[in-house]
Amino acid sequence: MLAARQDIKAQLKASLKEALFALGLAEVPEVVVQETPPDKGGDYGTPVAMSLARTLRKAPPQIAAELLQHIVLPPWVRRAFVVGGYLNFELEPAFLLENALAPLPPFSPKEGKVLLEHTSVNPNKELHVGHLRNICLGDALARILRFVGYQVEVMNYIDDTGRQAAESLFALEYFGLKSPDPSVKYDHWVGEAYVRLHRAMADSEQRAQIEAGVQATLHRLEAGELRDQVDRILRAQLLTMYRLGAEYDALVWESDIVREGLLQEAMRALEATPYVFRPSEGKYAGALVMDTSPFIPGLEDPYLVLIRSNGTSTYTAKDIALQFWKMGLLEGLRFHRYDTQPSGAPLYSTCPEGEPMPFGGAQETINVVDARQSHALRVVQASLEVRGRRDLAERCFHLAYETVLLEGQQMSGRKGITVSVDEVLDEAVRRVRAVIAEKNPDHPSPEEAAEQIGVGAVRFAMLKTEARKQIDFRYEQALSLEGDTGPYIQYAYARAGSILRKAEEMGLLGERPDLTQATPYEVALAKVLLRFGEVVQEAARARAPHILAQYLLDLAAAWNGFYNAKTPEGKPATPVLTAPPGLRGVRLELVSALRQTLRQGLGLLGLKAPEVM
RNA sequence: GCACCCGUAGCUCAGUGGAUAGAGCGUUCGCCUCCGGAGCGAAAGGCCACAGGUUCGAGUCCUGUCGGGUGCGCCA
């Protein structure tokens with residue numbers, strides 16, 4: 001059993017702090033330890049001397065030199081030296097390698113539960129590429145948070161009493177569509193009717209009739225009469241979500257929030273506060289409104305309608321009730337087992353005939369919702385403050401992502417200017433299948449690999465960019481298999497696996513590594529590998545999966561660089577299988593550790609790691 | 001009008017206040033009698049939108065300006 005990996009930077013920081021203390025500093029500043037640029041010598045370094053120049057009234061190089069005199073370094077530091085104002089450390093290569101080969105110690109479990117909501121697609125139409133980003137972000141973040149020790153509950157909100165669902169269901173009725181086309185996926189089939197209805201609404205004569213029908217359908221939805229019909233659409237949508245690799249713990253239906261009395265209870269609680277009231281005159285006469293001005297300054301009109309003067313509740317009111325439930329201010333939802341997901345994990349759903357289950361009541365919430373809803377979510381957050389729970393308001397996080405353009409154009413679900421997720425995935429897989437047929441005609445399982453790589457390409461394209469940047473979905477870019485892509489990383493993984501399989505056939509796997517033979521090539525790769533733990537923690541802290549995605553590109557590139565390294569004479573510099581015995585052992589273990597890390601990293605982004613491509 | 005987000009190479013994007021700003025795509029030139037060329041190496045390509053400020057040090061923090069996106073309904 002190998003010892004667990006040590007945190008090199010943390011240990012260097014600790015040594016530096018001791019040394020600063022020994023210099024007689026009253027206050028020890030924040031110490032930064034970073035990797036050195038390739039041509040500066042050493043492996044890690046610190047600029048801390050520069051930040052002390054003013055307080056100590058000395059030149060940075062002098063401070064660095066004094067630090068060097070006082071510092072007690074771990075035995076694995078071979079050399080420490082001053083460069084300009086920096087103090088750099090050169091590590092024993094054998095130690096760096098040994099550390100990179102050691103397993104990452106497990107993260108300690110975090111207190112409390114995080115409730116993460118994502119997907120929450122209207123159950124009225126097939127998923128389009130705008131939804132893709134939400135699902136990929138939410139699912140990857142859930143995986144990352146779990147990995148670093150959080151207890152995460154993933155929830156998908158089903159807006160079954162919304163106008164969109166009503167329009168779709170009424171469209172079927174309006175156009176007399178009774179038997180679905182068996183060759184068309186059900187959510188697509190319903191979606192066509194929805195788009196057709198919106199075209200019909202352009203006609204003013206039909207519009208009045210349609211509006212009346214939609215209103216009637218809304219009432220039936222609220223009464224729960226059409227649940228089976230919504231359910232059928234939802235189940236078709238779920239197939240797409242599963243295909244993307246997303247899974248959930250619980251579905252929460254909007255109608256259940258209402259039916260189980262959570263909405264009423266939330267409104268009662270709010271009405272008991274001075275910020276929620278019913279004006280008897282003016283613009284909002286007869287409605288129940290919330291004054292958000294103490295919590296959201298600078299609004300022209302800080303009043304938010306919760307219950308309309310006609311007695312119906314707004315979407316935001318239901319959202320507030322949901323948020324109260326998420327954070328344990330309300331209880332009463334009942335659940336039943338709804339589905340078995342592809343991984344085998346059960347999926348639960350709210351349902352009036354169900355049983356109470358320990359969902360909700362989280363200490364922290366994350367809502368993955370597009371940036372256009374920032375104001376709405378700010379209002380929901382304010383409602384917690386209205387309830388006097390500022391502590392809870394501070395622990396709601398809105399993961400706001402910018403919208404996805406389609407080939408430079410704004411999409412529109414109503415007008416049907418979208419590309420469906422199913423279509424994108426099919427096309428991606430088709431392209432990969434063609435590449436496999438060309439490059440690896442003897443592939444043992446081409447269909448499975450094509451699926452993993454095609455879906456991986458799409459997922460990675462959604463994850464590699466920071467969430468708050470608008471992205472333009474372009475087929476050629478999102479489905480590319482070369483460059484900064486998921487398949488690039490998957491390829492690096494498959495290639496590492498291929499070498500290890502050969503090594504096994506040759507009976508080399510048990511070979512003892514001789515760490516003293518490590519060359520700068522191995523050290524360079526080991527250093528990138530060593531960043532993994534820190535990167536995952538940062539991705540979790542910042543709630544930013546792209547940090548991990550970018551790192552995996554770095555890691556795959558470092559591995560490809562190692563793999564292709566040549567001597568000045570143009571000969572392969574880093575053969576694994578034909579290296580001298582002790583060095584071969586080092587390389588085999590390094591490739592094995594690298595492969596393991598790529599697999600883990602891909603898994604955290606929700607990408608599969610194919611053994612053969 | 002007010003508020004939030006974004007301006008980094010021709011294009012798409014990385015870049016915890018720290019060393020000479022990095023990738024991919026595209027362009028040009030190389031690399032398979034080495035373990036997978038979905039790969040690698042090299043060249044070219046930058047007033048980090050602009051102007052001030054804070055700091056020993058700013059692409060990164062602050063203020064302003066200009067450009068782009070979005071939000072501010074008894075719609076959802």
Side-chain angles (χ1 to χ4, degrees), chain A residues 32 34 36-37 39-40 45-48 50-54 59-60 83-86 88 122 159 161-165 283-289 296-301 303-310 312 314-316 318-319 370-376 378 400 402-403 405 410 432 435-436 439-440 453 464-466 468-472 474 476-477 480-485 487-488 490-492 494-503 534 538 541-542 546-547 549-550 553-554 556-557 560-566 570-579 587 591 612-613:
Chain A
V32 172
Q34 57 200 12
T36 56
D39 55 339
K40 286 290 181 287
T46 179
V48 72
M50 287 185 273
S51 58
L52 293 170
R54 169 160 279 197
V83 185
Y86 290 89
N88 287 356
N122 279 313
D159 183 6
T161 61
R163 189 175 170 95
Q164 318 250 25
K283 188 176 166 189
Y284 296 113
L288 184 70
V289 301
I296 312 177
L299 291 180
E300 201 176 313
D301 180 356
Y303 293 97
L304 173 93
V305 174
L306 296 168
I307 309 286
R308 300 184 189 98
S309 48
N310 69 8
T312 59
T314 60
Y315 180 86
T316 311
K318 295 169 193 168
D319 236 22
D370 89 70
R372 288 178 300 192
Q373 315 241 23
S374 294
H375 179 68
R378 185 69 194 83
E402 267 300 337
T403 49
L405 299 177
Q410 203 59 250
V432 175
V435 173
I436 291 176
K439 300 196 183 216
N440 196 356
I453 297 161
K464 72 175 173 187
T465 303
E466 215 180 341
R468 62 166 167 271
K469 289 214 164 122
Q470 190 167 62
I471 56 178
D472 188 5
R474 294 183 186 170
E476 288 314 315
Q477 219 168 292
S480 168
L481 310 178
E482 292 165 20
D484 283 352
T485 65
Y488 174 84
Q490 290 172 320
Y491 184 75
R495 176 188 259 171
S498 172
I499 291 176
L500 293 171
R501 274 193 302 278
K502 286 215 162 61
E534 195 183 343
E538 178 57 18
R541 191 201 59 76
H546 85 279
I547 293 174
Q550 293 291 337
L553 288 171
D554 276 358
N560 282 330
F562 176 90
Y563 179 88
N564 279 298
K566 300 225 168 43
K571 297 256 171 68
T574 54
V576 177
L577 300 174
T578 59
R587 288 181 178 164
V591 172
V612 181
M613 286 180 67

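Numbers restart at 1 for each chain; the letters A, B, ... are given by sequence-line order, proteins then strands.
Among the protein residues, A:G298 comes within range of the sugar-phosphate backbone only, with heavy atoms under 4.0 Å from sugar or phosphate atoms but none that close to a base. Across all strands shown, A:Q490 has no heavy atoms under 4.0 Å from either base or sugar-phosphate atoms. Residue contacts for A:V32: at a heavy-atom cut-off of 4.0 Å it reaches a base atom on one of the strands shown. Among the heavy atoms of the strands lying under 4.0 Å from A:N88 is at least one base atom, whether or not backbone atoms are also near.
Between B:C40 and B:C34, the distance separating the two C1' atoms is 13 Å to the nearest Å. Only the C1' atoms considered, B:C66 is 34 Å distant from B:C75, to the nearest whole Å. Straight-line distance between the P atoms of B:U60 and B:U16: roughly 12 Å, to the nearest whole Å. The P atoms of B:G45 and B:G1 are separated by 42 Å, rounded to the nearest whole Å. The C1' atoms of B:G22 and B:G59 are separated by 12 Å, rounded to the nearest whole Å. Rounded to whole Å, the separation between the C1' atoms of B:C48 and B:U33 comes to 48 Å. Spacing of P atoms, B:G39 relative to B:G15, comes out at 22 Å, to the nearest Å.
Taking atom NZ on A:K469 and atom C1' on B:G7, their separation rounds to 9 Å, with Å as the unit. Nucleotide B:C4 holds its P atom 12 Å from the CZ atom of A:R378, rounded to whole Å. Put simply, CG on A:L405 is 19 Å from P on B:C5, counting in whole angstrom units. At whole-Å resolution of the value, NZ in A:K464 and C1' in B:G22 are 15 Å apart. Per the geometry, CD1 belonging to A:I547 stands 8 Å off P belonging to B:U16, to the nearest Å. Between the C1' atom of B:G15 and the CG atom of A:L553 lies a distance of 14 Å, rounded to the nearest Å. As rounded to whole Å, 8 Å separates atom P of B:C13 from atom CG of A:D472. Per the geometry, CG belonging to A:L304 stands 11 Å off P belonging to B:C75, to the nearest Å.
Under 4.0 Å is where a charged nitrogen must lie from a carboxylate oxygen, and between A:E466 and A:R468 at least one such pair does.
The backbone N or O of A:V32 sits less than 3.5 Å from a side-chain atom of A:T46, completing a donor-acceptor pair. At distances below 3.5 Å, at least one donor-acceptor pair connects side-chain atoms of A:N564 with backbone N or O atoms of A:N560. With A:K464 contributing its side chain and A:D484 its backbone, the two residues share a donor-acceptor pair below 3.5 Å.
For B:C11, the base adopts the anti conformation, since its glycosidic angle falls more than 90 degrees from zero.
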Under 3.5 Å, which protein N or O atoms sit close to an N or O of nucleotides 37-43 of chain B? Give each pair with its distance.
{"from": "B:G37", "atom 1": "OP2", "to": "A:R495", "atom 2": "NH2", "distance (Å)": "2.7"}
{"from": "B:G37", "atom 1": "OP2", "to": "A:Y563", "atom 2": "OH", "distance (Å)": "3.4"}
{"from": "B:A38", "atom 1": "OP1", "to": "A:Y491", "atom 2": "OH", "distance (Å)": "3.1"}
{"from": "B:A38", "atom 1": "OP2", "to": "A:K439", "atom 2": "NZ", "distance (Å)": "2.2"}
{"from": "B:A38", "atom 1": "O4'", "to": "A:K439", "atom 2": "NZ", "distance (Å)": "3.4"}
{"from": "B:G39", "atom 1": "OP1", "to": "A:G483", "atom 2": "N", "distance (Å)": "3.1"}
{"from": "B:G39", "atom 1": "O3'", "to": "A:N560", "atom 2": "ND2", "distance (Å)": "3.2"}
{"from": "B:G39", "atom 1": "O2'", "to": "A:R495", "atom 2": "NH1", "distance (Å)": "3.1"}
{"from": "B:G39", "atom 1": "O2'", "to": "A:N564", "atom 2": "ND2", "distance (Å)": "3.0"}
{"from": "B:C40", "atom 1": "OP1", "to": "A:Y488", "atom 2": "OH", "distance (Å)": "2.6"}
{"from": "B:C40", "atom 1": "O4'", "to": "A:N564", "atom 2": "ND2", "distance (Å)": "2.8"}

Review point. What one-letter contact string describes nucleotides 54-72 of chain B from 5' to 3', where B marks a base within less than 4.0 Å of any protein heavy atom, S marks contact via sugar-phosphate atoms alone, and - marks no contact?
Key: --B------------SSS-

Exercise for review: Quick one: the dot-bracket string of RNA chain B, using Watson-Crick and G-U wobble pairs with both distances under 3.5 Å, [ ] for crossing pairs and | for bases paired to another strand.
Suggested key: (((((((..((((....[...)))).(((((.......))))).....(((((..]....))))))))))))....

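When side chains are defined from C-beta on, A:M613 does not count as touching A:I436, because their heavy atoms never get closer than 4.5 Å.
Judged by closest nucleotide on RNA chain B, A:V83 is the one of A:D159 and A:V83 placed further toward the 5' end. When each of A:V612 and A:N310 is assigned the nucleotide of RNA chain B with its nearest heavy atom, A:V612 is the one assigned upstream, toward the 5' end.
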